[in-house]
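Comments concern the structure below.
In the text below, chain A, chain B and the rest are named by the order of the sequence lines, each starting its count at 1.
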Amino acid sequence: MLAWNLPTTLIKAVKGTRDLLPPSTEVWNRVEAVTRGIFRAYNYHEIRTPILEETQLFARGVGEETDIVTKEMYTFTDRDDTSLTLRPENTASVIRAYIEHRLDQRPGVQKLYYIGPMFRRERPQKGRYRQFFQIGAEAIGSESPVVDAEVIELVIEILKGVGLGGFKLLVNSVGDHNCRPQYVERLRQELQSVASQMCGDCQRRADTNPLRVLDCKVEADQPIIERLPSIVDHLCPACHAHFEAVKQFLDDRSIEYEVRPRLVRGLDYYMRTTFEVVHGALGAQNSVLGGGRYDGLAESLGSPVHSPGIGFSIGEDRLVMSVEGDRITIPLDLFIAPLGEAALRHAAVMARDFRRAGFSVELVEGKLKRVMELANKLGARYTLIVGENEMAAGRYALKNMASGQQESLTREEISARLAVLD
RNA sequence: GUGGGAUUAGCUCAGCUGGUAGAGCACGGGAUUGUGGUUCCCGGGGUCGUGGGUUCAAACCCCACAUCCCACCCCA
């Protein structure tokens, strides 16, 4: 391997990025296939936006003061001096596209989904990569709590559809421009008297970002946090009504959730409904997905019309990690073992025909013992032996690799055997 | 960005108080000239993460760096 330039240092995948190899890619594809099917059922359609955007988009969309924007973006200057950034998330891009292409002029709520890589320059960790994949969706053009509930229902259906169990849905409302500033001010005042008893981080947050204090994980701080005012008790009437409606609609659907007044999402654009799903098998990075409503985002990105929306993004790496079984075998329907030159040519045509019929087929010539071993290693369900006798008779030896049983069959009979495979 | 752990064969890991490397699995070949999975035998593979230092001698001790893992921060 690389023997022709051994002295040079080996080039490896850059820090925080990784190669996804078979058979793991089978799991990824299965997750995506199931997900696309569910999106279709909910009338969501795919949008593909560029991986590169002007830095300004994220600065304005995600929030100038967020960790993502201040220290986690892959930003560089293009040759014409514009500042470009590898997208750290996709909601801002989708909204940008929505405005740019006047999707507000299209009929109904715009329901869009995406699957693709995002980039954040964080310290890698279990379930956290610098290039990571998100499956996300946005429903734009409605403030109705019905949409909130449907989006949450959709994401839960996806999790169940890919076979994930043992997760927990957390919901909250973070208010809007009317009630949130008042609540934050109230919280800030409360903190003035108790912050000195809290951890160093919280003392700092009490000034810079009081909401973050609620998220503190330091054990000793918890009793103090319990006594702090809760945002759900300080929602304005409109936000309160919205939140109550969302919860009612979730109850109607028998969707289990837990209200977490301390669930504070990190992106500035969230308002009213926020939600998250956590899963135990993920270590400290236990969040599989996060989402929420962002009714002011479009305007802040220059939209001429009010375009309220709600969306979520699933950490696909984490989802796959939670769902991935111990051993995945990639099934091979048929392994064809031709014996000799004439048989190889004969078998090649048969292989093409079986492949056209939709079966996965591998064809390898060689000593029978050797290729049988290979067929076994490749996980072939059937092995077809094509030799002089078979060609002359028009009946081929088909061996069931699981049972060891072998039959002499015509092509039609072979097709019939294969057809009953799932 | 901060802290801790790790780095030896493709993979998972042994390697005692310093004396220039081993196992299991995997891979390849054979016992079996048209029959796999179990068994037996044989084999290929490692500048011991990189660069310095100490030493007669370093996988082992010291320093730096890199990468991975775990956690913090924050988030998907």
Side-chain angles (χ1 to χ4, degrees), chain A residues 1 6-7 9-18 21 62 65-72 88-91 115-136 155 199-202 204-205 208-209 212 215-218 263-267 275-279 282-292 311-322 335 337-340 343 364-390 396-406:
Chain A
M1 181 172 64
L6 257 184
T9 48
L10 202 59
I11 296 172
K12 300 193 295 182
V14 315
K15 186 191 187 93
T17 71
R18 57 188 183 145
L21 307 172
V62 178
E65 305 303 322
T66 59
D67 276 24
I68 291 176
V69 170
T70 56
K71 53 188 198 193
E72 294 174 2
E89 57 104 50
N90 207 23
T91 299
I115 299 175
M118 310 294 157
F119 303 84
R120 289 183 205 170
R121 198 179 187 293
E122 299 179 271
R123 188 82 157 245
Q125 200 177 321
K126 183 183 182 68
R128 167 188 287 170
Y129 307 97
R130 290 183 171 185
Q131 175 178 331
F132 58 103
F133 291 80
Q134 287 190 330
I135 298 172
V155 81
C199 69
D201 283 329
C202 282
R204 178 175 49 76
R205 294 185 191 120
T208 58
N209 192 351
R212 275 266 152 265
D215 226 13
C216 178
K217 291 168 185 103
V218 175
L263 174 63
V264 184
R265 306 219 55 78
L267 283 54
F275 57 95
E276 177 170 332
V277 168
V278 294
H279 191 272
L282 291 172
Q285 310 305 315
N286 66 348
S287 175
V288 183
L289 95 251
F312 63 81
S313 61
I314 303 173
E316 191 176 2
D317 304 77
R318 294 178 185 178
L319 181 59
V320 168
M321 194 183 301
S322 314
F335 185 99
L339 305 171
V364 178
E365 61 155 339
K367 290 202 302 187
L368 187 57
K369 177 182 155 45
R370 205 185 77 76
V371 295
M372 285 296 292
E373 283 175 357
L374 186 57
N376 189 55
K377 284 171 187 166
L378 295 180
R381 321 235 244 176
Y382 285 97
T383 295
L384 186 68
I385 298 165
V386 180
E388 297 296 336
N389 304 337
E390 285 79 4
Y396 306 87
L398 184 72
K399 182 163 187 170
N400 180 321
M401 297 299 280
S403 68
Q405 307 245 319
Q406 188 168 313

Paired with rA6(B) by Watson-Crick or G-U wobble geometry, both distances under 3.5 Å: which nucleotide is it? rU67(B)
Please tell me which of Ala402(A) and Arg120(A) maps to the more 5' nucleotide of RNA chain B, matching each residue to the nucleotide holding its nearest heavy atom. Ala402(A)
From CG of Leu263(A) over to P of rC74(B), roughly how many Å is that when rounded to an integer? 14 Å
Looking at the base of rG36(B), is there any donor atom on it, or on the side chain of Asn376(A), that sits under 3.5 Å from an acceptor on the other one? yes
Would you please name every residue forming a salt bridge (Lys or Arg N to Asp or Glu O under 4.0 Å) with Glu72(A), sequence neighbours left out? none
Using a 4.0 Å heavy-atom cut-off across all strands, classify Val288(A) as base, sugar-phosphate, or nothing. sugar-phosphate
Could you identify the nucleotide paired to rA76(B), looking across every strand shown and requiring Watson-Crick or G-U wobble geometry with both distances under 3.5 Å? none
With both distances under 3.5 Å as the test, what is the Watson-Crick or G-U wobble partner of rC48(B)? none
Within the sub-3.5 Å range, which N or O atoms of nucleotides 64-67 of chain B have a protein N or O partner, and how far apart are they?
residue : atom : partner  : partner atom : Å
rU67(B) : OP2  : Lys15(A) : NZ           : 3.3

Please write out each protein N/O paired with an N/O of nucleotides 3-7 of chain B under 3.5 Å, distance rounded to 0.1 Å.
none

If pairing means Watson-Crick or G-U wobble with both distances under 3.5 Å, then the partner of rU39(B) is rA31(B)
The side chain of Met401(A) is closest to which nucleotide in this list: rG36(B), rC73(B), rC70(B)? rG36(B)
Under 3.5 Å: donor-acceptor pair, side chain of Asp317(A), backbone of Gly127(A): no
Please classify the nucleic acid contact of Glu276(A) as base, sugar-phosphate, or nothing, using heavy-atom distances under 4.0 Å. nothing
Between rU2(B) (C1') and Arg128(A) (CZ): distance, integer Å: 13 Å
Applying a 4.0 Å non-hydrogen cut-off, can you work out what Glu89(A) is touching in the nucleic acid: base, sugar-phosphate, or nothing? nothing
Quick check: does any side chain N or O of Arg381(A) sit under 3.5 Å from a backbone N or O of Met401(A), one acting as donor and the other as acceptor? no
Residue matched to rA26(B) through Watson-Crick or wobble contacts both under 3.5 angstrom: none
A side-chain contact here means heavy atoms from C-beta on lying under 4.5 Å apart; do Met118(A) and Asn90(A) qualify? yes
At under 4.0 Å between heavy atoms, what does Asp317(A) touch on the DNA or RNA strands: base, sugar-phosphate, or nothing? nothing
When rounded to the nearest Å, what value does the distance between C1' atoms of rA71(B) and rA26(B) take? 33 Å
Spacing of the P atoms in rC68(B) and rA57(B) (rounded, Å): 35 Å
How long is the line joining CZ of Arg121(A) and C1' of rC74(B), in whole Å? 15 Å
Whole-Å distance between rG1(B) C1' and Arg130(A) CZ? 11 Å
Could you pull out all residues at least two apart from Glu373(A) that satisfy side-chain hydrogen bond (donor to acceptor under 3.5 Å, both in side chains)? Lys369(A)
Rounded to the nearest Å, what distance is computed from the CD atom of residue Glu122(A) to the C1' atom of nucleotide rC69(B)? 16 Å
Integer angstrom distance from the P of rG28(B) to that of rG36(B): 15 Å
The side chain of Leu368(A) lies closest to which of these nucleotides: rA76(B), rC74(B), rU35(B)? rU35(B)
By side-chain contact (heavy atoms from CB on, under 4.5 Å), Lys377(A) pairs with (sequence neighbours left out) none
Using a heavy-atom cut-off of under 4.0 Å over every strand shown, decide if Gln131(A) touches base, sugar-phosphate, or nothing. nothing
Which part of the nucleic acid does Leu289(A) contact within heavy-atom distance under 4.0 Å: base, sugar-phosphate only, or nothing? sugar-phosphate
Determine the contact category for Glu316(A): base if any of its heavy atoms lies under 4.0 Å from a base atom, sugar-phosphate if only primed atoms, P, OP1 or OP2 are that close, otherwise nothing. nothing
Round to the nearest Å and state the distance from Asn389(A) atom CG to rU35(B) atom P. 13 Å
Rounding to an integer number of angstrom, what distance separates rU32(B) and rC41(B) when you compare their C1' atoms? 14 Å
Establish, with yes or no, whether the OP1 or OP2 oxygen of rA71(B) is under 4.0 angstrom from a side-chain nitrogen or oxygen of Gln125(A). yes
Would you please test Phe275(A) and Leu289(A) for side-chain contact (heavy atoms from CB on, under 4.5 Å) and show each step? CA-CA 8 Å; Phe275(A) 57 95; Leu289(A) 95 251; 4.0 Å; yes
Now, which nucleotide makes the Watson-Crick or G-U wobble pair with rC61(B), with each of the two distances under 3.5 Å? rG53(B)
Does Arg318(A) reach the side chain of Arg128(A), with side-chain heavy atoms less than 4.5 Å apart? yes
Hey, does Gly136(A) reach any base, or is it just sugar-phosphate, or nothing, if we go heavy atoms under 4.0 Å? nothing
With sequence neighbours excluded, what pairs up with Gln134(A) under the side-chain hydrogen bond (donor to acceptor under 3.5 Å, both in side chains) test? Ser313(A)
Taking salt bridge (Lys or Arg N to Asp or Glu O under 4.0 Å) as the definition, give me every residue that meets it alongside Lys126(A), ordered by chain and number, with sequence neighbours left out. none
Protein and nucleotides 26-33 of chain B: nitrogen or oxygen contacts under 3.5 angstrom:
residue : atom : partner   : partner atom : Å
rG28(B) : OP2  : Lys377(A) : NZ           : 2.8
rG30(B) : OP1  : Lys367(A) : NZ           : 3.2

Applying side-chain hydrogen bond (donor to acceptor under 3.5 Å, both in side chains) to Glu89(A) and not counting sequence neighbours gives Tyr269(A)
Under 3.5 Å on both distances, the Watson-Crick or G-U partner of rC16(B): none
Between rU33(B) and rA21(B), how many Å separate the two C1' atoms, rounded to a whole number? 41 Å
Set of side-chain contact (heavy atoms from CB on, under 4.5 Å) partners for Leu378(A), sequence neighbours left out: Leu332(A), Phe335(A), Glu362(A), Leu374(A)
Going by the rule side-chain contact (heavy atoms from CB on, under 4.5 Å), which residues pair with Ile115(A) if we only count those two or more places apart in sequence or in a different chain? Glu32(A), Arg36(A), Tyr113(A), Ile135(A), Glu316(A)
In chain order, what residues pass the salt bridge (Lys or Arg N to Asp or Glu O under 4.0 Å) check against Glu365(A), with sequence neighbours excluded? none
Looking at the side chain of Tyr129(A), which of rC69(B), rC74(B), rG36(B) is the nearest nucleotide? rC69(B)
Roughly how many Å is it from NZ in Lys71(A) to P in rU2(B), rounded to a whole number? 11 Å
Roughly how many Å apart are rC65(B) and rU7(B), using the C1' atom of each and rounding to a whole number? 14 Å
Using atom P of each nucleotide, how far apart are rG37(B) and rG22(B) to the nearest Å? 30 Å
Give me the distance, rounded to whole Å, that separates rU50(B) from rU17(B) when you measure between the P atoms they each carry. 24 Å
Please determine whether the number of non-hydrogen atoms from other residues, nucleotides or ligands lying under 6.0 Å from atom CD of Glu388(A) exceeds 12. no
Lys399(A) side chain: which of rG34(B), rG36(B), rC74(B) is closest? rG36(B)
